[in-house]
Amino acid sequence: MNIHEFYMRMALSEARKAFDEEEVPVGCVIVYNGEVIGRAHNQIKTLKDPTAHAEMIAITQAANSLQNERLNGCDLYVTIEPCSMCVGAMVLARLKTVVYGTSDTKTGACGSAIDLAKPGLFNHNLEVVGGILEEECRHIIQEFFLAKR
């Protein structure tokens, strides 16, 4: 198992927590120098907060861990392609890399619906890696929405 798969499995564990809480099953971990410094799952319904995406909560945790609003050198792993709000926060936080599992053609902001991670678009460039454990990441989202129908 490569390093991206290792951390994506942690993000999938977070997504399962969201699933169990009847939240859209998205999970995220943030890694700095091999240490997980942020770990979260969607809590939009639980917190009654439209910004309570897994990535946003994990970014706040990571910033608190480093005692810095800049997350230079950090890698973020998330089970689904981040939305525009989350990519905006990643750029502002100066994350090094975003690694996601499955694409999101409706709201994905790393190239699927829109590309806010396009090099040169902002003053900070994010490295983007997609398709890590794509099948597992897609399956948990599909399973959640099929059960809702």
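Starting from 1, each residue takes its place in the sequence as its number. Every heavy atom of this structure was used, including side-chain atoms; hydrogens, water molecules and symmetry mates were not.
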Counting only N and O atoms by type, is there a donor-acceptor contact under 3.5 Å from the side chain of [X] to the main-chain atoms of [Y]?
X    : Y    : value
E136 : L12  : no
N42  : A54  : yes
E23  : T46  : yes
K48  : K45  : yes
H124 : L95  : yes
Y7   : L76  : no
R138 : L133 : no
Q67  : N64  : yes

Inter-residue atom distance [X].[atom1] - [Y].[atom2], 0.5 Å rounding:
X    : Y    : atom1 : atom2 : result
T79  : R9   : OG1   : CZ    : 13.0 Å
L146 : H139 : CG    : NE2   : 8.5 Å
I114 : C83  : CD1   : SG    : 11.0 Å
H4   : N2   : NE2   : CG    : 6.5 Å
Y77  : M10  : OH    : CE    : 10.0 Å

Nearest heavy-atom pair of [X] and [Y]: which atoms, and what distance?
X    : Y    : answer
P82  : V78  : CG-CG1, 3.9 Å
S103 : S112 : CB-OG, 3.5 Å
H41  : E21  : NE2-OE1, 3.0 Å
I59  : A93  : CG2-CB, 4.4 Å
R94  : N123 : NH2-ND2, 3.3 Å
Y32  : N72  : CE1-O, 3.4 Å

**Item:** Derivation of the side chain to side chain contact (heavy atoms under 4.5 Å, CB included) call for I37 and V31
**Value:** CA-CA 6 Å; I37 60 169; V31 180; over 6 Å; no
So do the side chains of [X] and [Y] get within less than 4.5 Å of each other, counting heavy atoms only?
X    : Y    : result
R16  : I140 : yes
V91  : L116 : no
C110 : V98  : yes

**Asked** Run the side chain to side chain contact (heavy atoms under 4.5 Å, CB included) check on C74 and I30 step by step: do they pass?
**Response** CA-CA 7 Å; C74 293; I30 297 178; 3.9 Å; yes
**Asked** Given E14 and C28, is the side chain to side chain contact (heavy atoms under 4.5 Å, CB included) satisfied, shown in steps?
**Response** CA-CA 7 Å; E14 287 295 318; C28 179; over 6 Å; no
Hydrophobic cluster membership, [X] vs [Y], 4.5 Å side-chain cutoff:
X   : Y    : value
M85 : V128 : no
L66 : V36  : yes
V26 : F145 : yes

**Prompt:** Does atom CD of E5 have more than 12 heavy-atom neighbours, drawn from other residues, nucleotides or ligands, at distances under 6.0 Å?
**Reply:**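 Atom CD in E5 is packed in, count exceeds 12.
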**Request:** Check whether more than 12 heavy atoms from other residues, nucleotides or ligands sit under 6.0 Å from atom CZ of F122, and answer yes or no.
**Result:**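 Atom CZ in F122 is crowded, with more than 12 foreign heavy atoms closer than 6.0 Å.
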**Message:** Checking E81 against T102: is there a side-chain donor and acceptor pair closer than 3.5 Å?
**Reply:**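 Note: T102 and E81 side chains miss the donor-acceptor criterion.
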**Message:** Under 3.5 Å, is there a donor on one side chain and an acceptor on the other for H53 and Q43?
**Reply:**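 No pair is found: no donor N or O on one side chain lies under 3.5 Å from an acceptor on the other.
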**Asked** For L126 and V87, what are the C-alpha separation, side-chain angles and deciding distance, and is it a side chain to side chain contact (heavy atoms under 4.5 Å, CB included)?
**Response** CA-CA 9 Å; L126 280 172; V87 173; 4.2 Å; yes
**Message:** Does the plane of the ring in F144 sit parallel, tilted or perpendicular to the ring in F19? Use 30° and 60° as the thresholds.
**Reply:**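 Correct class here is perpendicular.
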